[in-house]
> 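Right, I'll just put the structure down here and ask away after.
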Amino acid sequence: MITQQGTMGGKTCLVTGASAGIGKETARALARMGATVLIVGRDPYRTETAAFEIRAAEPAARLEVLLGDLSSQREVRRLAAEIGTRHPRLDVLVNNAGTVNAVRRVTGEGVESTIATNHLAPFLLTNLLRGPLTAAAPSRVVTVSSYLHKMVRTIPWDDLQSERQYRSHAVYNLTKLMNVMFTYQLAKRWHSDGVSANCLHPGWPLRTDLGREEHGSAGLFDRLTKLLASSAEKGARTSIYLASSPEVQGVSGRYFTKGRPGSSSRLSHDEAAAEQLWDLSARLYGTEMSAYA
C-alpha cells in the first residue's frame, strides 16, 4: 500500500470528515498523489486548519474546503448540489465522517443523530452524487466501517432510532454494520454504472477524536486504549489504498482490513435485511429517492 506521487493526477476526490483523524490523512495522501481533493467538515475552524496543515505539508496540493453538518438531511442535499454544480465528474467518494454520541440526540429532522451521520448521510450523499460518479466511471465509493459491526447479532427493526433504549456503543456498532450492508447493495445496484463500492475496517485502537464525548467507564476505556493506539496516518492506509490503487480497479462489493480483503459478519451478507435497510433509508428521505431503489 505505497502511495505514489502523481498517480491521481487529473482526478477529483471527495473526503467527508476530513477536518481531523483518518479523514485528514486520507485527504493529505490523495493531494500528495496529485488529485484535486474536496474536504468536508462540520466545524469551519477545524476544517480550514486541516486544509492549512495539508497545504503546509504538500505545497502543490489542490484543495477545496466544503462545510456541512452531515447529520442534517438539508445540509447533505445542499452539499451534494454544490459539488454537482462545481464538479460534474467525481472520481472518488470517501465516506469517512462518523460520530459516537454519549447521549441520544435527535436531528432537526427527527432522526437519531448517530444513524443520521454514520449511515443515512453516506447513503444520501452517495445517491445524490450518482451523476458525477457515473460520469467519471470507472469511479470509486469507499466507506469507512469497523470490525465492530461484527458485534451486532440482530437488527432492532422495531427500534432503529433507539427510542426505547440508547446505548452509545451498540448504536455505533449497528451503524457500522449498516455501512457494510450499504456497500454490498451499492455494488450490486450500481454495477452497470462503472462505480465500484468497497468498505473497510481502519484498525483499532487509533489516535483520533472519535469517542471523545464518552464518559464514565466507556470514556476511561477509550482514553486508556488510545495511549497505545496506532496513528491516524496508519489508520488511513486502507482508505487511501481503496481510493487510489490500480490493484483494486474494478474490485467491488468487498470488505477490507489492513489493505486486504477480509471477512465481514454473516449478518452483513443477509440480502433480505440489506434490501430492507435500503428501502427504509430511501423512505426516510422521501419519494424522490425512489429513483435509487
Side-chain angles (χ1 to χ4, degrees), residues 15-17 21-23 26 70-71 93-102 104-105 111-126 141-157 159-162 165-187 197-206 208-214 218 221-222 225-226 229-230 232 235-239 242 253-271 273-278 280-281 284:
V15 183
T16 68
I22 63 176
T26 300
L70 297 185
S71 71
L93 167 59
V94 182
N95 290 311
N96 170 79
T99 189
V100 180
N101 294 316
R104 185 177 186 270
R105 295 195 180 106
V111 181
E112 190 279 314
S113 183
T114 306
I115 285 181
T117 303
N118 294 4
H119 165 62
L120 292 172
F123 175 87
L124 180 59
L125 183 62
T126 303
V141 176
V142 178
T143 301
V144 179
S145 179
S146 169
Y147 82 103
L148 290 169
H149 81 274
K150 297 180 180 181
M151 302 295 289
V152 182
R153 296 290 178 257
T154 59
I155 299 174
W157 296 111
D159 193 29
L160 276 182
Q161 297 211 50
S162 306
Q165 181 184 44
Y166 182 84
R167 293 182 295 127
S168 61
H169 279 76
V171 174
Y172 177 80
N173 297 349
L174 177 62
T175 63
K176 295 295 101 178
L177 172 65
M178 291 175 173
N179 292 157
V180 181
M181 298 174 87
F182 165 65
T183 294
Y184 292 166
Q185 280 291 300
L186 191 68
N198 294 293
C199 57
L200 65 115
H201 167 52
W204 184 88
L206 295 173
T208 69
D209 289 339
L210 189 68
R212 64 184 181 274
E213 236 193 46
E214 294 285 6
F221 178 74
D222 181 72
T225 56
K226 284 178 179 176
S230 298
R237 289 177 183 173
T238 303
S239 294
L242 291 175
R254 299 298 298 270
Y255 170 82
F256 283 76
T257 181
K258 296 182 179 179
R260 297 178 181 179
S263 298
S264 63
S265 71
R266 182 176 179 179
L267 181 55
S268 72
H269 292 283
D270 186 326
E271 185 78 12
E275 290 181 358
Q276 183 176 352
L277 176 63
W278 186 284
L280 279 172
S281 303
L284 273 173

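If you're wondering where the values come from, they're calculated on a predicted model, not measured in any experiment.
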> Kindly give the heavy-atom pair with the smallest separation between Ser71 and Ser113, and that separation in Å.
CB-OG, 4.1 Å
> Between Val171, Thr117, Asp159, which is the residue that forms a side chain to side chain contact (heavy atoms under 4.5 Å, CB included) with Glu112?
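When side chain to side chain contact (heavy atoms under 4.5 Å, CB included) is applied between Glu112 and each of Val171, Thr117, Asp159, only Val171 qualifies.
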> How close do Ala197 and Leu186 get, heavy atom to heavy atom, and via which atoms?
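Where Ala197 meets Leu186 most closely, the heavy atoms are CB-CD2, 3.7 Å.
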> Grab the two heavy atoms, one from Lys258 and one from Thr238, that are nearest each other, plus how far apart they are.
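Shortest heavy-atom separation between Lys258 and Thr238 comes out as N-OG1, 3.6 Å.
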> Testing the basics here: between His119 and Ser281, what is the closest heavy-atom pair and its distance to 0.1 Å?
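Heavy atoms only, the tightest pair is NE2-OG, 2.8 Å.
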> For Thr143 and Asn179, what are the C-alpha separation, side-chain angles and deciding distance, and is it a side-chain hydrogen bond (donor to acceptor under 3.5 Å, both in side chains)?
CA-CA 7 Å; Thr143 301; Asn179 292 157; over 6 Å; no
> Just verifying a value: how many Å separate Ser168 OG and Asn101 CG, rounded to the nearest 0.5 Å?
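Output value for this atom pair is 8.5 Å.
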> Please name the pair of heavy atoms, one in Ser265 and one in His149, separated by the smallest distance, quoted to 0.1 Å.
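Smallest heavy-atom distance, with atoms named: N-NE2, 3.0 Å.
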> Quick check: does any side chain N or O of Asn198 sit under 3.5 Å from a backbone N or O of Thr183, one acting as donor and the other as acceptor?
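Looks like no, no N/O pair under 3.5 Å.
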> With side-chain hydrogen bond (donor to acceptor under 3.5 Å, both in side chains) as the criterion, how do Thr26 and Asn96 come out once you've worked through the C-alpha distance, each side chain's angles and the decisive distance to 0.1 Å?
CA-CA 9 Å; Thr26 300; Asn96 170 79; 5.4 Å; no
> For a 4.5 angstrom cut-off between non-hydrogen side-chain atoms, does Gln185 reach Glu271?
yes
> Hey, what do you get for CD (Gln161) to CD1 (Ile115), rounding to the nearest 0.5 Å?
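The CD1 atom of Ile115 is 6.5 Å from CD of Gln161, to the nearest 0.5 Å.
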> Measuring from Leu70:CG to Thr16:OG1, what's the distance to the nearest 0.5 Å?
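One finds 6.0 Å between CG of Leu70 and OG1 of Thr16.
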> To the nearest 0.5 Å, what is the distance between CZ (Arg105) and OG1 (Thr114)?
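Separation between the atoms: 8.5 Å.
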> Minimum heavy-atom separation for Ala97 and Asn118, please, with both atom names.
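Heavy-atom minimum between the residues: O-OD1, 4.4 Å.
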> To the nearest 0.5 Å, what is the distance between CD on Glu275 and CE on Met181?
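Separation between the atoms: 10.0 Å.
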> If you measure from CG on Leu280 to CG on Leu284, what distance do you get to the nearest 0.5 Å?
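Rounded to the nearest 0.5 Å, the CG-CG separation comes out at 7.0 Å.
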> Got Thr257 and Tyr147 here, is their nearest side-chain heavy-atom distance under 4.5 Å?
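The answer is no; the side chains never approach within 4.5 Å.
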> Could you list the residues that satisfy side chain to side chain contact (heavy atoms under 4.5 Å, CB included) with Arg167, not counting sequence neighbours?
Gln165, Ala170
> Is the His269 ring parallel, tilted or perpendicular to the Tyr184 ring (thresholds 30°, 60°)?
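Geometry flag for Tyr184 against His269: parallel rings.
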> Side-chain contact test, heavy atoms from C-beta onward, threshold under 4.5 Å: evaluate it for Ser239 versus Val15 and give yes or no.
no
> Run the side chain to side chain contact (heavy atoms under 4.5 Å, CB included) test against Ser146 and tell me which residues pass, sequence neighbours left out.
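Result, side chain to side chain contact (heavy atoms under 4.5 Å, CB included) vs Ser146: Leu148, Tyr172, Lys176, His201.
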